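Following: one structure in structure tokens, then a few remarks.
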Amino acid sequence: MKILLVEDDQFLTELLVQALTEQNYLVETAADGQMGWDLAEAFQYDLILLDVVLPTLSGIHFCQQLRAQKNFTPVILLTSQDSSTHKVSGLDAGADDYVVKPFHLHELLARIRALRRRESLDRSPTLIWRGLQLNTSSCAVSYDGRHLSLTSKEYKLLELFLRHQQRIFSQSALINHLWSFEEAPSENGVRAHIKGLRRKLKQAGCEDLIETIYGLGYRLRKREVEDVEFKGPQLPDQPESDQPASLSSVATPQEFAGAWQHYRGHYRDRLAVISQAISALTHGSLSAALRQQAVREAHTLAGSLGSFGLDQASHDCKQLEARLTEIEGVAAIAPGTVAALSELVIAIEQTLETPLLASTTAALSPTPSPTQPPHLLIVSEAAHLIQQLMAEAIVRSLHATIASPTTLLTPFPQQHPDVVLLDLSVPETVEHGFACLEALATVQPPVPVVVLMHQGSFAERVKIARLGGRAVLQMPLAPEQILRAIVQVLPQTSQTEGKVLIVDDDPHLLQQLTALLQPWGFQVVLLDDPQRFWETLEQTQPDLLILDLVMPKFSGLDLCKVVRNDPQWDALPVIFLSANTDAALIHQVFLAGANDYASKPFLGAELLARILNQLKRVKPKP
């Protein structure tokens with residue numbers, strides 16, 4: 001899925017790109033409305049994420065122009081304007097959805113998935129071509145039960161062909177679908193990816209899948225292609241988590257503290273524009289252009305500061321935006337308006353000078369790897385249904401226990417279940433069932449609840465939603481359908497696996513990286529002497545390599561070039577970690593074959609995200 005993100009807040013842009021990339025979306029960005037419009041006219045996108053208040057061209061006008069040209073690409077508006085009037089304006093302009101800043105990443109990702117399902121004719125998680133199976137939920141591929149290890153681009157090529165089995169894709173069409181504008185490869189690069197995919201399919205016993213139509217491009221060879229749900233043991237259904245894969249644990253508030261130090265200077269500059277506008281207003285010299293710029297800066301600050309958990313500052317920025325908007329064309333400014341605006345600016349300035357509170361900077365800690373199957377608690381008094389659900393839970397590898405609505409009101413156990421199925425389909429237990437739901441709503445950390453009911457009223461559905469119910473299923477349903485819904489809301493927890501070789505002559509940094517990576521399940525190999533690099537590489541067989549740039553005897557550039565010259569290691573992901581910010585030198589790093597470059601001192605969350613991203617490209621999730 002190719003997404004265009006049009007957003008002028010650099011921090012929010014980086015955060016969203018990281019989250020969306022973790023979900024295997026291809027993201028291109030634009031920092032103003034006109035740049036975004038130029039991209040939308042030149043390229044085809046599956047979704048546009050669009051800020052409302054943008055330089056040069058507003059999100060509303062962008063959306064109106066898009067629809068006027070009969071372009072019906074799905075659009076989600078991002079804005080801190082949360083009044084119903086603004087929402088109506090955005091939807092009337094042709095937007096498909098509207099997300100208010102500050103928002104939770106998992107909510108935005110869920111809305112994207114909902115739009116994707118609405119637009120897609122294929123609702124099945126699994127694509128099948130004879131013995132070949134591709135599960136879009138788990139990103140797993142197998143042929144006759146044998147797992148295929150594909151790179152990220154090979155996986156996306158295969159998915160594209162399976163989804164559009166009748167279509168011929170030219171090389172330019174493949175580039176447009178699977179690469180961003182900045183990373184677009186040559187035609188030889190496309191052919192290399194096709195060749196690599198064909199070779200791996202052939203090694204697995206699946207030949208003649210991709211057909212070359214000379215002079216036109218490539219397509220799936222004409223055979224019967226089925227899109228049906230796969231229930232076999234090789235590819236069990238995986239839940240599509242509401243949390244961003246990996247990033248939900250990586251982008252923690254602790255790491256926001258580091259980002260706060262980096263970005264709050266930019267936020268001071270934005271606030272300075274607002275102060276300048278208020279000063280001009282005091283002297284009666286506020287121009288329309290400066291007022292509009294101040295409104296735009298207040299809007300951006302409202303979303304950005306809210307993303308750091310600074311709710312009061314975000315609220316103050318919304319007040320600034322509203323009041324500066326109200327004075328448009330007003331001949332006489334009401335007494336006290338300037339003073340009120342100045343007080344808001346002072347409060348925001350104090351926030352920008354204050355480090356993030358300890359309460360908002362919880363320590364970075366990975367989600368632990370489960371040692372037992374997920375725990376399902378069935379709250380019901382329907383004996384026959386319970387018996388069927390218990391049997392189906394065994395098939396789904398769930399550990400199921402039973403409780404009565406009348407007994408669940410006792411203190412909740414310390415070992416929380418991973419998901420609760422609450423049966424409100426028996427009229428006699430509805431009252432106790434809602435009391436259970438109220439009790440479950442207070443449990444921390446929250447436990448997802450799936451509710452079963454017969455013809456429930458709209459008021460009951462609203463009540464369930466307010467109390468945090470994750471899904472409402474209308475009976476009668478088959479046990480396998482109920483369990484499938486339960487699996488979909490299960491929190492996705494998985495331990496990262498991989499061996500990382502780190503070469504750096506700074507022992508303190510090696511200790512830091514070990515402390516960062518080991519809790520995530522990485523096996524860390526440390527090397528402070530680059531002269532022993534090759535023997536260490538062959539002995540340890542790492543999945544990823546982290547190199548310092550400047551080291552005695554042999555530099556990181558030397559080591560990277562040696563790796564790329566060897567057929568066994570030419571695909572090994574290499575990340576450079578260096579304090580050097582010289583653009584020419586960084587250019588040499590990528591010419592030598594580096595996959596990524598991170599600066600010292602590093603943010604733990606950022607480096608983790610970069611490592612996970614590189615590993616996913618060469619080792620798609622099993």
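What you see is a predicted model; the values in this text were computed from it and never measured. We number each residue from 1, following the sequence as shown.
- Results of the side-chain contact (heavy atoms from CB on, under 4.5 Å) test with Tyr45 over Ile3, Val27, Leu4 single out Leu4 as the only residue that passes.
- In this structure, Leu16 and Leu78 have side chains that are in contact, with non-hydrogen atoms separated by less than 4.5 Å.
- Using a 4.5 Å cut-off on side-chain heavy atoms (C-beta onward), Leu105 and Leu15 make contact.
- Between Glu438 and Leu467 the shortest heavy-atom distance is CG-CD1, 3.6 Å.
- For the residue pair Gln18 / Glu14, no side-chain donor-acceptor distance below 3.5 Å is found, with atom types taken as modelled.
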Next item on the list: Kindly indicate, with the supporting measurements, whether the criterion side-chain contact (heavy atoms from CB on, under 4.5 Å) is fulfilled by Ile112 and Tyr25.
Entry: CA-CA 11 Å; Ile112 291 173; Tyr25 297 134; 3.8 Å; yes
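- For the side-chain contact (heavy atoms from CB on, under 4.5 Å) with Cys317, the qualifying choice from Leu344, Leu271, Leu301 is Leu301, the only one to do so.
- Among the candidates Val450, Leu421, Val487, Asp423, the single residue satisfying the side-chain contact (heavy atoms from CB on, under 4.5 Å) test with Ile482 is Leu421.
- Contact check for Glu159 versus Leu127: side-chain heavy atoms found under the 4.5 Å cut-off.
- Considering CG of Leu477 and CZ of Arg484, their distance stands at 10.0 Å, rounded to 0.5 Å.
- Contact record, Asp316 with Ala347: OD2-CB, 3.8 Å, taken as the closest heavy-atom pair.
- Ser314 places a side-chain N or O within donor-acceptor distance of the main-chain N or O of Ala302, the cut-off being under 3.5 Å.
- In this structure, Leu473 and Ala485 approach most closely via the heavy-atom pair CD1-CB, 3.8 Å.
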Next item on the list: For the pair Val99 and Ile76, evaluate side-chain contact (heavy atoms from CB on, under 4.5 Å) and give the outcome as yes or no after the intermediate values.
Entry: CA-CA 7 Å; Val99 179; Ile76 297 180; 3.7 Å; yes
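- Across all their heavy atoms, Ala294 and Ile274 have their closest contact at O-CG1, 3.8 Å.
- Here the NZ-CZ distance, from Lys463 to Phe458, works out to 14.5 Å after rounding to the nearest 0.5 Å.
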Margin query: Under the criterion side-chain contact (heavy atoms from CB on, under 4.5 Å), I'd like the reasoning laid out for Thr337 against Arg323: C-alpha separation, chi angles, the key distance, then a yes or no.
Written below: CA-CA 8 Å; Thr337 297; Arg323 296 193 178 199; 5.6 Å; no
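- In this structure, Arg296 contributes its side chain and Val53 its backbone to no donor-acceptor pair below 3.5 Å.
- The side-chain heavy atoms of Val75 and Leu47, taken from C-beta on, include no pair separated by under 4.5 Å.
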Next item on the list: Verify side-chain contact (heavy atoms from CB on, under 4.5 Å) between Cys436 and Leu422, making sure each step is shown before the conclusion.
Entry: CA-CA 8 Å; Cys436 290; Leu422 179 59; 4.2 Å; yes
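- In this structure the side chain of Leu517 never reaches within 4.5 angstrom of the side chain of Gln523, judged on heavy atoms.
- Taking the charged nitrogens against the carboxylate oxygens, Lys2 and Asp46 have no contact shorter than 4.0 Å, which rules out a salt bridge.
- Under a cut-off of 6.0 angstrom, the local environment of NE2 in His454 is crowded, with over 12 non-hydrogen atoms contributed by other residues, nucleotides or ligands.
- For the pair Pro417 and Val447, the tightest heavy-atom approach, listed with the atom from each and the gap, is O-CG1, 3.6 Å.
- Going from atom CD of Gln388 over to atom CG of Leu483 covers 11.0 Å, rounded to the nearest 0.5 Å.
- In plain terms, the two heavy atoms of Thr73 and Asp96 that are nearest each other are O-OD1, 4.1 Å.
- Considering only heavy atoms from C-beta on, Leu77 stays 4.5 Å or farther from Asp97 through its side chain.
- By the 4.5 Å heavy-atom criterion applied to side chains, Val52 and Ile60 are counted as neighbours.
- Rounding to the nearest 0.5 Å places CE of Met453 at 4.5 Å from CD of Glu460.
- Here the straight-line distance linking atom CG of Leu5 with atom CD of Glu28 works out to 11.0 Å at 0.5 Å rounding.
- To the nearest 0.5 Å, atoms CD (Glu7) and CG (Leu12) are separated by 4.5 Å.
- Taking the side chain as every heavy atom from C-beta outward, Ile48 and Phe62 approach each other to under 4.5 Å.
- The backbone N or O of Leu54 lies less than 3.5 Å from no partner atom in the side chain of Ser58, so there is not a single donor-acceptor pair.
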